[in-house]
Every structure is written in structure tokens, then in C-alpha cells.
Amino acid sequence: MTTATTAPTNRLTPRPRALAAGGLNSVRRNPLLVVLALMVLVFQLTTGSFLDPGNLSGIAIDAATLAIVAVPLALLVISGYLDLSVGSTLAVGGLVAGWLAGQQHQPPLVAVLGALAVGAAVGAVNGILCCYLGLSAFIVTLGMLTAVRGLAQQLFPLPLSSFGSGFAWLGGSRIAGIDAPVVIAALVLVAGALFLALTPAGRHVFAIGVNREAAYLSGINIRRTPFALFVVTGVAAALAGAIKASVLDSVVAGTSGAGFELTVLTAVLLGGVALTGGSGSVFGVLLGVLFLGCLQNGLTLLSVPTFWQQMAQGTALVAGAALAYFGPRLTR
Amino acid sequence: MTRSPYSSPASRRQFLALSGGALAATALAAAGCSAPDDGASTADAADASEGSKTLTRIGLDYPFTQLPLYSTLVKLSTAAAKKHDVSLLTTSDAGNPDTQATNLTTWITQKMPAIVSFPMVFEATEAMAKRALDAGLIWVTYGGSLEHQSADIQFSFLEGGTLLGEAAAKWANEQLGGKGKVAFLTDGTIQLGRERTKGMIDAFTKNAPGVDVVAREQAIDPDTGLSKSRAVLAKHPDLNLILGVTDAAAYGGFKALQQTGRKATDAKTFVGGQDGAAPSLLAIKQGTFYRASAALAPKDIANAVVDVPLAVAAGKANPSVQVPITLVGRGDTATIDDLLAQNS
């Protein structure tokens, strides 16, 4: 029987954080907010078009797929696990959705559900191996990254395209004037934040991540919650793949989502989620996602040459991560 | 007392050790898994030295396994090899120069009679090619030339870019009166990409000097092509042309233009790419503003992969070949259908 739902805290283990409080407290806990605001200001002043609605819409659509995967992945990392297979899961999700919609002429809903089922299956395999058999999440999901990609290329060696206007709805339609992927991402963000802040399972995520032994002794089921998070992460990656396939009206097994796992993990860590587990917030993840989206877009707008762009991105990421790490300590 | 099923949290040092171990294991596994089948005795190698008349195995080392062309190439090359009673073996380099080097070393050690290799780093492969020749093996360089080789299969990547650049410039002069804005989606990371990029940009800027070049962005895949083009379009909504170093990147640009409200048949817009990828060919055929692709015919490449080593083995003079690149546009329906069939 569950008797305790909060994790032990001491000076060495960071305190669990749910939704950050508003105002200055948010800034203190999320110094990336200041960096992001400064970056937006600089990009707007130097390009003159950064804050144009069209450009913001483009950033939002790009960031949406990242956010959809980043939120469940962040919860997984907070619980002390990791999923490096999301890039390949994204690809296979897009391929299955595209194949069902384009070649099998299935209704868009069936195509998306098919993709989600495949994502759930990948997540379940990860979850069983890591949570129930106790294998290293790093090694298991790294292996799955390669295995799933290989399977995708074996099943779909050629590019898929022309998925039909019905399927294009997922990536190209607007809901109340907002792009559908952005609406979906917003729902995921809100759901993630509410889950962490308001549900016992959300508190369990922190407790498991801070100290698995203590969580177990407190009566928390330390396998079920992370397993569910693996499944949800797989589903989210497949959904992101379906959205990308819809936006592009094409998908290629070998290149779709390549490197995505590192981008999404970067967003999560940049957002203040501790790789060692037990600490992080959905608001921080949102900031990490927006930071990456704005940086990429702004550098392109400034026509920064390719290799300088890479250097600038790397430097900004390190600086952002340093600020996210040292900022709260300096203001404590 | 119940024993807890958790494991104690790994220390940072343990984590690093595990990470290093995992990477090493992955590298070893990749090398092991990709080792070719040793379907023939080492005696084959002696038979396969230059000038001999029988060749029973050819090793195709094409590193970019992530590209759709890879599976098409393997399928067509295998079929072409079968006609000559030759078995075709492949590597699994996964776009990694280190893995490629490991796989080539394995083949040379195993005395693969003939190796057709697309070096990711030409300079680094020179010593490998020399070792192969010293061992009496046939070495055919794909996509370029090495000092030590039996023959090569050449593609004029520069010419492919030039064909696209010239076609786009001609269109800009005729449809836009030589004015407008162009964005290039380029690749500076590998030799192939650099040559295509140079050909494309030089030809376009020379033949349409009045068109403003507003962006040169690195992009070879649809995702990057889409997001980079979106950003360029935010600054230059009146952009007229997007030319891509690959069809995949250009297709991303094609979608970005449509998402910003451009009609797929807009008369003042031109998108073009290189490779002859199926989605782009379909878009050209449908009469959209995706107007051109500098295309390679997979069947021509596949035939060369088999014919050149066989020609070397037969002792033929000048066995090297130059695989043609063709620019296809809206009117080339028969060519597009043929290319789509080869890619199916």
C-alpha cells in the first residue's frame, strides 16, 4: 500500500519541482527565460522580421514536434530513465502513418492510430527491458535506436509520398486560427504539467528519480510508472513522426528523425531537467524547446554561414546550459 | 523481509564507464555484423587478380545506407551481377567513415576479389586502395578517382549542379525578366555535395546575374530544407527560386513555399533539385512549380558497378565509365516514368 508520495530531500539531492510559480520566482528558477527573451530581442533588432507572425508560426510548427516528444521524455528522465530511440521511433511512426494513408488508402484517423500503436510497441519493449528486467536504459534504447531504424529501412526502403488531403489535415490545418501541430503540442505541455503537479503518479516520478530505494520502501510501484512513461514517450515520438510526414507529405526511412534524439534530449536538459533524475519542470522543457527553435531560426534569418552557424549553436547551447545550472545556485 | 528490486543509482563515473562500454560494444557489434559473408575460398582472390578471366564475387561498399538510392542500387546491382553469375556482397557503413575503413580492411584481409568503393574520405582511402592492389585485388573507385585503383566509376556531380543552375537561370530570364530572388540549399560537408553546390551556384549566378541570391543554407534532407526555407521566406516572402543540392532538401523548400500560401502551380516560382528522387519526380510530372531535377539513373549506376570490375578482370583497356546525369523537366514524361520504374 502506498504510504508516502513525496521524495526525501537533503542538501545533496535537488528538491522536486513541479510547475514553477509565476513572476520573479519563475525567472530565478529558469534563467533560460532571460536568455530566451534577450535572444528574441537581438534577433528582432538585427533582422527586423523575427517577430513577424509568419516566422513565429514557422518556429512554432518546428518546435511543436520537438515539444510533443520532449515532455514525456522529460518525465522519463526525471524518473531516472532515458530513451535514446525516439529518433527512429519518430521515423517508423511517420512511415506507418504515411503507408496506411497513402498506399493503403486508410482514413487519416486509422493511419495515425496505426502509427501510435507502433510507437507504443517500441516504448513497451523499452519499458519491459529497462523497468522489469532491469537492463540499462542507455544501452537498451541505444540498441533500439539502431534496430528500429534498420527495421524501418528494411520495411520501407523507398521514400513514401502523396498521402492525400485528408492526412494533410494533421500537419497543415488550423484550429481556432492556430496550426494543428501547435495545438497538439500545447495539449501535451498542459497535460504533462498537470500530471506532474496534481497527480500522485506525478509525485511518484520525482520520488523514483530522486531515490529509487526510498521510493520502493515508501510503497511506490517503481516499475509501473516508468514503464508507462516509456510507452507514452514511444507514442509521442510516433505522433511527432506522423505530424512531420503530414507536413512534408513524404517520409524517408533512412533520414527521417535522424539525430532527433539528441535534439530532444538537448531541449530537455537545457530546460533544467537533471540527467540523474529527480528534478525538472515542464515549463523548463518548454523554454528549452523554444530556445532551440528560436536559435536555429534566428541564425538562418541572419544568413550566418553554415559552419559559423554550427559554432554559434554549440556555443549558445553550452552557455545556456551553464546558465541553467549555475543561475539558480547564484540566486539562492 | 522483501528484497527491493531496485539497483543503486550509478555514480557519474559508473555512468561514463557504462556509456563508453556501450559505445565500444556498439562499434564492435557494427563491425562484426557488417563483416561480409565469406562465401568463397581465398583461392578466389588469386584468380581474381587483374587480367584473370573469372570473377565470382564483387563487394559493393556504398556508405550512405540511409539514402533511398542505397536499396535501389543494391537491388539493381544484385540483379545485374546475377546475369553474369557473380554474387554481390555489401557493407553496412551507415554513413560512418570509421566503419567504412573497418569494413574495407575486413574485405581486403578476406581477399574479396573485386571491391567497388565510394570513399567517404578520398585521401584516407588511398592507402586502403593500395593495400587492395598489392594483394592482387581489383579496386574500383566509385564517385571519384584515387591514385591507386584498377578503374573508376565517375559521375560529374559538378555537371549535375551546372545543368540545374543553367535551367533555373534560363527560366528566371524568360519568366522573371532576369530579376527575382533565389535561395540555395547547399552541402559543404562532403566532396559530392561541394561539387554539386559549386556547379549549381556558379551556373546560376553566371547566367542570371540580375537575380538576387538571398540565402545559401546547408540542407540535404526534407526536414532541414523545410525549416530553413520557412525562415528564408519569413524574410523574403517574395522568393522566386529554391535550388537544392539534393531533391530531398528541395522538396522541403517546395513544401515550405506551399505552406506559406504559394499555389503549387504558381507561374513565378521555380524549385529544382538533384538526384531524381521519386517524390520530386512525381511533383515535376504533376506540373507543379517543382520544375527540374538533375537525375541519375539507378540502372546505369548498377550496371557500372558490375560491368567495370568485370571489364578489369577481363583485361579490357580503359574500363572506367562516366555515368550520365540527365536534367528532367515537365515535358520529359517518358524519362520520368522510366526513372520512377527504376526506383520502384
Side-chain angles (χ1 to χ4, degrees), chain A residues 47-50 52 54-59 61-62 80 134 136 138-139 142-143 146 149-150 153-154 157-162 172 208 211-213 215-217 222-223 244 247-258 260 275-277 296-301 303 305-307 309-310, chain B residues 4-10 12 15 18-19 21-23 25-26 29-30 64-68 70-72 74-75 92 94-95 186 188-189 214-218 220-223 225-228 230-237 248 251-252 255-256 258-260 277-279 282-283 343-344:
Chain A
T47 67
S49 55
F50 186 81
D52 286 358
N55 193 45
L56 292 180
S57 166
I59 294 173
I61 294 173
D62 279 343
S136 158
F138 183 90
I139 294 173
L142 190 63
T146 311
R149 176 75 65 186
Q153 287 183 271
Q154 180 63 36
L158 300 172
L160 301 179
S161 61
S162 304
I208 295 167
N211 189 326
R212 211 176 297 177
E213 180 180 12
Y216 175 77
L217 294 173
I222 63 169
R223 288 168 171 160
K244 275 184 181 285
V247 169
L248 283 164
D249 197 27
S250 71
V251 57
V252 182
T255 56
S256 178
F260 182 76
L275 191 58
T276 47
Q296 171 70 56
N297 180 273
L299 291 174
T300 304
L301 280 179
S303 303
T306 302
F307 300 125
Q309 215 175 96
Q310 286 178 2
Chain B
S4 77
Y6 64 84
S7 57
S8 60
R12 202 168 288 180
F15 173 76
L18 272 175
S19 310
L23 286 172
T26 307
F64 304 108
T65 53
Q66 72 274 29
L67 299 180
Y70 175 77
S71 55
T72 303
V74 170
K75 186 181 77 176
S92 175
T186 66
T189 59
V214 297
R216 296 179 189 203
E217 293 293 336
Q218 166 81 24
I220 57 171
D221 63 287
D223 253 6
L226 177 72
S227 60
K228 297 270 185 176
R230 266 201 205 121
V232 173
L233 281 164
K235 199 172 175 183
H236 303 283
Y251 198 79
K255 283 291 158 189
Q258 285 181 286
Q259 284 163 18
T260 52
L282 283 170
N343 277 303
S344 64

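Naming: A, B, ... by sequence-line order, numbering from 1 per chain.
- Among the candidates A:Gly254, A:Pro305, A:Gly298, the residue making the largest number of heavy-atom pairs closer than 4.5 Å to chain B is A:Gly254.
- In this structure, the side-chain hydrogen bond (donor to acceptor under 3.5 Å, both in side chains) partners of B:Thr189, at least two apart in sequence or on a different chain, are B:Asp187.
- For chain A, the nearby part of B:Asn343 is the backbone; its heavy atoms alone come within less than 4.5 Å.
- For chain B, the nearby part of A:Gln296 is the side chain; its heavy atoms alone come within less than 4.5 Å.
- In terms of heavy-atom pairs under 4.5 angstrom with chain A, the leader among B:Ala277, B:Pro68, B:Ala215 is B:Pro68.
- In this structure, chain B has a heavy atom under 4.5 Å from the side chain of A:Gln309, while its backbone stays farther away.
- Remark: side-chain polar atoms of B:Ser71 are paired, donor with acceptor, to backbone N or O of A:Pro157 under 3.5 angstrom.
- Residue contact with chain A, scored on non-hydrogen atoms closer than 4.5 Å, involves the side chain of B:Tyr251 exclusively.
- Residue with the most contacts toward chain A among B:Lys75, B:Gln258, B:Glu217: B:Glu217 (heavy-atom pairs, distance under 4.5 Å).
- The parts of A:Val247 that come within reach of chain B are both its backbone and its side chain, each placing non-hydrogen atoms under 4.5 angstrom from that chain.
- To the nearest 0.5 Å, atom OH of residue A:Tyr216 and atom CZ of residue A:Arg212 are 13.0 Å apart.
- No side-chain heavy atom of B:Gln259 sits under 4.5 Å from any side-chain heavy atom of B:Leu233.
- A:Arg149 meets the salt bridge (Lys or Arg N to Asp or Glu O under 4.0 Å) test with no other residue; sequence neighbours excluded.
- The shortest side-chain heavy-atom distance between A:Ser49 and A:Asn55 does not fall under the 4.5 Å cut-off.
- Only the side chain of A:Phe307 comes within contact range of chain B, judged by heavy atoms closer than 4.5 Å.
- Contact count versus chain B (heavy atoms, under 4.5 Å) is highest, among A:Asp52, A:Leu301, A:Ile61, for A:Leu301.
- The shortest side-chain heavy-atom distance between A:Pro159 and A:Ser250 does not fall under the 4.5 Å cut-off.
- Among A:Thr255, A:Asn297, A:Leu158, the residue with the largest count of heavy-atom pairs under 4.5 Å with chain B is A:Leu158.
- At a 4.5 Å heavy-atom cutoff, the contact between A:Asp62 and chain B is made by backbone and side-chain atoms alike.
- Separation of atoms CG (A:Leu248) and OG (A:Ser161) is listed at 11.0 Å; rounding is to 0.5 Å.
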